Amino acid sequence: MNRLKLALPYITVILFVASLGLFVFNHGFKYDDYENYIRVQINGTENVDLFIERLRDTSGLIELDKANNFAYYQQVDKTVVEENLNNVKEDYPEIETTVETIYPSVSKKQRIIDLALTTTLIIVLFAAFSYVTKTRAFNWNLKEYAKYYGLYFADNILSLGILAGLVSLLSLVYKINDYVLFSFFVLVIVKTSIYWFKLLQEDINQMKTHFVENFVNDSRKIFVVALILCVLLAVGMGVRSVIPLAFILVAIIVNFLTNYSILTFQVPKFRRALEHQVENREKTQTKPEKTEKKYVPNPKLKKKNKKKK
Amino acid sequence: MKRLKQIYIFVFIIVLGLLILPQFNLKIGENEFQYPNIDFSSVNSSATLGNFSRGYDLYDSKMYTATVNVDSTLTIEERERQLRDLVEVIRNRINYSNLHDIYVNGAIENDTYKLNLSFPDYIQESDIIAKYLVGKGEIFFENDPQVSQTGVALKDTDIVGQIKSIYDEQYGNVLSFKFANTALTNFYFALQNTNNYFLMRVDSTYFAVIQDPNYTNTQSLDLQTSAIAVPFAEVKLSPNVAMYTNIVRSYFLTSPLVVDVNLDPNFKTIKRDFVADKISYIAIFIVAAVALLMLMYASKKGMTKTIKFVLMLGSYMVLLTFLLKLLSATLSVNLLLGFILGLIIVVYAIEKLLSTEEDQQRTFLNVINYYCIFIALVIFTIYRFLLAGNTMTDAFGTLLASVISLLFLSYVNFKFILDLEPNFKPFRKRL
């Protein structure tokens with residue numbers, strides 16, 4: 001377990017790099033609401049359910065809406081969809097289909113740019129707000145501020161990157177929509193609240209003690225609260241609500257992972273040096289006792305020696 | 001003073017708790033009472049105390065389809081661009097009209113553009129709103145043929161400054177605008193008839209344009225070319241008159257549509273996405289989740305802290321629900337997502353507050369206040385830059401209501417609750 005804890009920062013960095021790679025390779029998200037998609041409306045007096053079931057294995061299918069008799073396709077040519085439909089129609093000639101290409105009102109590029117700009121703006125707001133408070137109320141200097149709040153920024157960048165990768169991975173099988181946007185802000189807002197409540201109330205000396213434990217405990221508490229709320233609400237709302245609610249939980253887990261990794265991370269060279277330093281300190285603390293015993297002159301012995309002479 | 005604070009806390013929770021109850025009818029003898037029967041329209045004209053407005057996914061919604069014949073000479077890229085422009089204009093109209101619950105997307109089916117307009121269940125007269133939204137948006141000024149036969153030499157480009165949709169005590173919901181000073185002569189000339197008005201025709205709808213009554217009262221030169229446009233009876237008598245004047249206002253702010261859009265008056269019902277026939281379960285499960293959190297807290301902390309925790313969380317729940325109902329929030333999946341995030345933050349803040357040393361609790365309340373102001377700024381930023389026409393508006397709106405509730409409570413209720421000294425042994429002997 002200790003080894004896993006030591007390895008966690010490296011795992012996080014690897015996850016971050018892999019996530020970015022996946023994000024770039026996938027051009028953001030594979031299936032999403034921000035690109036053209038094909039919607040097929042299925043109408044008929046009978047066998048509609050059977051027809052919809054037969055569409056399940058057709059290429060490019062991303063969603064079947066059985067309540068409204070819609071099938072959604074993306075990343076596939078319209079003619080391929082029509083060809084597939086005609087094949088299935090041979091068995092169900094009574095079914096009528098309408099194929100239309102839907103255009104989104106916001107493009108993927110625009111959505112990603114908006115997201116990046118807004119996240120940056122939030123971080124700048126946080127920096128300005130917290131810097132003013134820290135320097136005014138606690139007399140921190142810029143160096144101290146940068147040292148402790150630098151963690152917040154690094155933490156945010158890492159966790160946003162990992163979350164983007166996870167969402168990109170999910171988009172290979174599921175159509176991503178604005179719930180993703182919400183999960184990004186869950187992450188930023190939860191992370192901000194942990195830092196805010198932790199850093200704003202304490203001065204730098206108080207903060208140095210139990211620094212990691214406090215942060216990790218807070219992340220754990222938030223996760224427990226979110227888990228209870230999400231699980232119970234998912235039961236109330238039905239199975240389809242699991243994915244949007246899971247976005248919240250995943251965002252909090254990523255937050256926990258990066259918090260722990262960032263706060264416990266030490267470069268091996270420095271860690272060894274630190275361990276060495278601690279060992280030395282322990283030795284130097286014990287040494288004086290021994291030397292005192294060794295060099296304290298025993299008055300009785302002195303007297304004996306004198307007598308022998 | 002302590003007794004007063006105690007009374008305030010309990011009255012606060014009980015009164016707001018009663019106000020957020022769902023609508024029901026009570027029959028006593030022959031008299032039937034409807035609850036709640038309190039008019040909050042002075043705060044918000046569409047306040048829905050009683051029941052939440054029915055939003056997307058949790059309730060069925062309506063989809064209208066409008067079609068446009070495609071110019072066959074256009075290439076595929078040109079068609080896509082034209083459709084995007086068309087959707088953009090309608091989306092801007094929706095945003096300018098503050099109808100954020102209506103969504104639009106465009107589709108191409110063979111040689112036709114299709115515009116799909118989605119309406120949540122609670123919007124009344126959705127067919128008329130849809131008709132206005134896809135209207136061409138052409139604006140002309142002319143004289144009423146029954147009053148005068150001369151033409152009006154004014155154009156919509158003569159209007160300068162803001163165009164407002166306002167409520168006038170005499171005329172009701174009207175549009176208020178100002179013509180450029182250079183158009184003064186034409187404006188006065190247009191008003192020179194027995195009834196002192198001329199017509200503004202917006203597609204097939206008419207408004208009567210009169211000189212701003214404030215000019216008549218004050219003779220202020222700034223208001224000399226100001227006018228108000230009063231809708232005619234067909235619009236004026238509708239319960240959605242404010243909505244229609246807002247949509248017409250949006251015509252001034254967007255370019256007219258370059259094509260004729262044919263709206264199909266029949267709509268398709270889009271069935272609810274998440275649950276079937278158990279909407280009330282959601283409320284039960286939320287209450288159960290909050291109760292579970294309280295129990296968990298009680299199992300770890302002492303009774304005194306638990307009572308404070310319950311009172312703080314109870315105050316938050318009733319205040320937030322009251323605010324949401326007062327602001328006529330629509331109950332949708334997105335609202336619930338915002339609600340959960342708000343609740344997570346509030347539970348965390350209360351837990352931190354109660355675990356802080358007693359002499360530091362006041363300072364921590366200030367920390368919460370700063371945090372709330374910060375998050376409110378953040379949400380405003382997100383709203384301003386990211387949420388135009390976005391489905392997540394409900395979620396962030398709820399989150400904003402959450403932090404505003406927390407801000408108010410940390411200024412008032414939480415301070416009082418921290419001062420409480422719960423006594424669990426009312427019958428103990430006094431020494």
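Given the structure is predicted, the values throughout are model-derived calculations rather than measurements. A, B, ... follow the sequence lines: proteins, then strands. Residue 1 opens every chain.
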Turns out that what part of I38(A) lies under 4.5 Å from chain B's heavy atoms comes down to neither
Does the separation of the ring centres of F126(A) and F374(B) fall below 6.0 angstrom? yes
Is chain A contacted by the side chain of T269(B), its backbone, both, or neither, given a heavy-atom distance below 4.5 Å? backbone
Ranked by heavy-atom pairs below 4.5 Å to chain B, first place among T98(A), I228(A), L245(A) goes to I228(A)
Heavy-atom pair count under 4.5 Å with chain B, highest-scoring of L232(A), N177(A), V190(A), I252(A): L232(A)
State whether K66(A) and D49(A) are salt-bridged, where the test is any N-O pair (Lys NZ or Arg NE/NH1/NH2 against Asp/Glu carboxylate O) under 4.0 Å. no
Electrostatic pair D155(A)-K191(A), nearest N-O below 4.0 angstrom: yes
Among L292(B), I90(B), I284(B), L399(B), single out the residue with the greatest number of heavy-atom pairs under 4.5 Å to chain A. L292(B)
Tell me whether the rings of F129(A) and W196(A) are parallel (<30°), tilted (30 to 60°) or perpendicular (>60°). tilted
Most heavy-atom pairs under 4.5 Å with chain A, out of I286(B), V333(B), L337(B), belong to L337(B)
Applying a strict 4.5 Å limit to non-hydrogen atoms, the region of V99(A) in contact with chain B is backbone
Classify the ring geometry of F247(A) against Y179(A): parallel below 30°, tilted from 30° to 60°, perpendicular beyond 60°. tilted
Counting only heavy atoms closer than 4.5 Å, note whether I248(A) contacts chain B via side chain, backbone, both or neither. side chain
Any side-chain heavy-atom pair of Q82(B) and D85(B) under 4.5 Å: no
Aromatic contact between F256(A) and F223(A), with the criterion being ring centroids under 6.0 Å apart: yes or no? no
Please look at V231(A) and chain B and tell me whether the side chain, the backbone, both or neither of the residue comes under 4.5 angstrom of a heavy atom of that chain. neither
Taking side chain as everything from C-beta outward and backbone as N, CA, C, O, which of these in V188(A) sits under 4.5 Å from a heavy atom of chain B? Side chain, backbone, both or neither. neither
Greatest number of heavy atom pairs closer than 4.5 Å to chain A - which of N116(B), L353(B), I373(B): N116(B)
Looking at I345(B), I270(B), V290(B), which one has more heavy-atom pairs under 4.5 Å with chain A than the rest? I270(B)
Aromatic ring proximity, centroids under 6.0 angstrom, Y73(A) and Y37(A): no
Would you mind checking which part of L341(B) comes under 4.5 Å of any heavy atom in chain A, side chain (CB onward), backbone (N, CA, C, O), both or neither? side chain
Examine whether an atom of D65(A) lies under 4.5 Å from a heavy atom of chain B, and if so say whether it belongs to the side chain, the backbone or both; otherwise answer neither. neither
Taking N68(A) for its side chain and K271(B) for its backbone only, find out whether a donor-acceptor pair lies under 3.5 Å. yes
Taking the inter-plane angle between the rings of Y152(A) and Y195(A) on a 0 to 90° scale, is it parallel (under 30°), tilted (30 to 60°) or perpendicular (over 60°)? perpendicular
I375(B) versus chain A, the contacting section by heavy-atom distance below 4.5 Å: side chain
If one checks every heavy atom of V378(B) against chain A at 4.5 Å, the contacting part turns out to be both
